[in-house]
Participant: 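Dropping a structure here in structure tokens format, bear with me for questions.
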Amino acid sequence: AQTVTQSQPEMSVQEAETVTLSCTYDTSESDYYLFWYKQPPSRQMILVIRQEAYKQQNATENRFSVNFQKAAKSFSLKISDSQLGDAAMYFCAYTGGMAGTYKYIFGTGTRLKVLA
Amino acid sequence: DAGVIQSPRHEVTEMGQEVTLRCKPISGHNSLFWYRQTMMRGLELLIYFNNNVPIDDSGMPEDRFSAKMPNASFSTLKIQPSEPRDSAVYFCASETGSGNTIYFGEGSWLTVV
């Protein structure tokens, strides 16, 4: 069965600094997708970034980028120039399989605190 | 296009009562998911549908929980009878069915007293 592991329950970063959140996953599939979601105190789940496993190039979205290491099954999120609004829970997610059977599995989350 | 719409947003009910949570997925999305979020267990996948058919309900905690999707634009999650340990935020989410981004509703905050 597929699993997603986030080993950092909580992280802190100084405003304007860079922080990296870790995520590892386990799967036997060769084609899959990985995501990072942000959940602020409002509990809304917001997509941060998406990575397709067949693409070697790391996804980037403004200040957010990933380091996707397929062989190591690692998918970390780097937040550059951290802002107070980045404070939230961050969830790593995996999905794979055949069309119509995609099952989205989430990690336990990392709480990010941004210090002014 | 409107996002995933859930109702009610908040519900407080007494133990033993029936609770029905509702969800309208994004139009054109073929897959619908129900998740439960608690501090202790994180974000758990309860059940998901594709083309209105349940694909995997292995996450449904027990027989007190049931879910239906009678058509492409509506799904319900029912708890009968409810218990205090069912208190959680229940999220509905939808996706095209092709491994694309999954979109979440704002959640239904359930408190069972």
Side-chain angles (χ1 to χ4, degrees), chain A residues 1-10 21 23 25 27 29-55 59 61 64 66 75 88-111, chain B residues 3-6 8-10 23 25-26 28-60 69 72 87-111:
Chain A
Q2 296 87 2
T3 59
V4 175
T5 302
Q6 293 180 250
S7 58
Q8 306 154 316
E10 189 171 294
L21 308 184
C23 173
Y25 59 94
T27 183
E29 294 165 344
S30 58
D31 190 21
Y32 50 87
Y33 304 86
L34 297 163
F35 307 82
W36 278 98
Y37 280 83
K38 170 185 177 181
Q39 187 180 46
S42 67
R43 294 287 188 128
Q44 180 67 39
M45 293 287 282
I46 302 165
L47 175 71
V48 174
I49 204 162
R50 175 177 180 262
Q51 174 80 43
E52 296 161 356
Y54 65 86
K55 289 187 177 179
E61 195 71 41
F64 299 87
V66 298
F75 183 62
M89 281 289 285
Y90 285 82
F91 292 95
C92 179
Y94 163 98
T95 193
M98 297 174 7
T101 66
Y102 287 105
K103 183 175 176 177
Y104 290 74
I105 307 299
F106 286 78
T108 52
T110 296
R111 182 173 300 282
Chain B
V4 177
I5 299 172
Q6 291 187 245
R9 288 296 314 281
H10 298 271
C23 176
I26 293 173
H29 281 193
N30 297 324
S31 293
L32 181 141
F33 306 80
W34 283 101
Y35 287 88
R36 177 173 69 176
Q37 186 176 33
T38 61
M39 288 292 293
M40 292 297 294
R41 301 177 71 90
L43 197 60
E44 302 173 273
L45 175 63
L46 300 178
I47 185 171
Y48 74 101
F49 297 83
N50 184 256
N51 291 327
N52 313 336
V53 176
I55 302 300
D56 186 343
D57 65 355
S58 59
M60 295 287 263
M69 192 164 186
S87 298
V89 181
Y90 290 82
F91 286 100
C92 177
S94 71
E95 183 265 329
T96 59
S98 304
N100 287 312
T101 300
I102 182 172
Y103 292 91
F104 285 79
E106 293 183 312
S108 291
W109 297 56
L110 173 66
T111 302

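Note that these values count all heavy atoms, side chains included, but never hydrogens, waters or copies made by symmetry. Chain letters run A, B, ... following the sequence lines, proteins first, then strands; residues in each count from 1. Worth saying up front: this structure is predicted, and the values here are computed from it rather than measured.
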Participant: So how far is it from A/Met45 CE to B/Tyr35 OH, rounded to the nearest 0.5 Å?
Facilitator: 8.5 Å
Participant: Under the criterion ring pair (Phe, Tyr, Trp, His ring centres under 6.0 Å), I'd like the reasoning laid out for B/Phe104 against A/Phe35: C-alpha separation, chi angles, the key distance, then a yes or no.
Facilitator: CA-CA 13 Å; B/Phe104 285 79; A/Phe35 307 82; over 10 Å; no
Participant: Look up atom CG in B/Leu43 and atom OH in A/Tyr37, then write down how far apart they are to the nearest 0.5 Å.
Facilitator: 10.5 Å
Participant: Heavy-atom pairs under 4.5 Å with chain B - which of A/Thr108, A/Thr95, A/Leu47 has more of them than the others?
Facilitator: A/Leu47
Participant: Highest number of heavy-atom pairs under 4.5 Å with chain A: which of B/Asn51, B/Val53, B/Thr96, B/Asp56?
Facilitator: B/Asp56
Participant: Is A/Arg43 close to chain B through its backbone or its side chain, or both, or neither, when contacts mean heavy atoms under 4.5 Å?
Facilitator: both
Participant: For B/Glu95, which atoms come within 4.5 Å of any heavy atom of chain A: side chain, backbone, both, or neither?
Facilitator: side chain
Participant: What part of A/Gln39 is in contact with chain B, defined as an atom under 4.5 angstrom from a non-hydrogen atom: side chain, backbone, both or neither?
Facilitator: side chain
Participant: Distance from B/Ile102 atom CD1 to A/Lys103 atom NZ, nearest 0.5 Å?
Facilitator: 12.5 Å
Participant: In terms of heavy-atom pairs under 4.5 Å with chain B, which of A/Tyr104, A/Phe106, A/Tyr32, A/Phe91 leads?
Facilitator: A/Tyr104
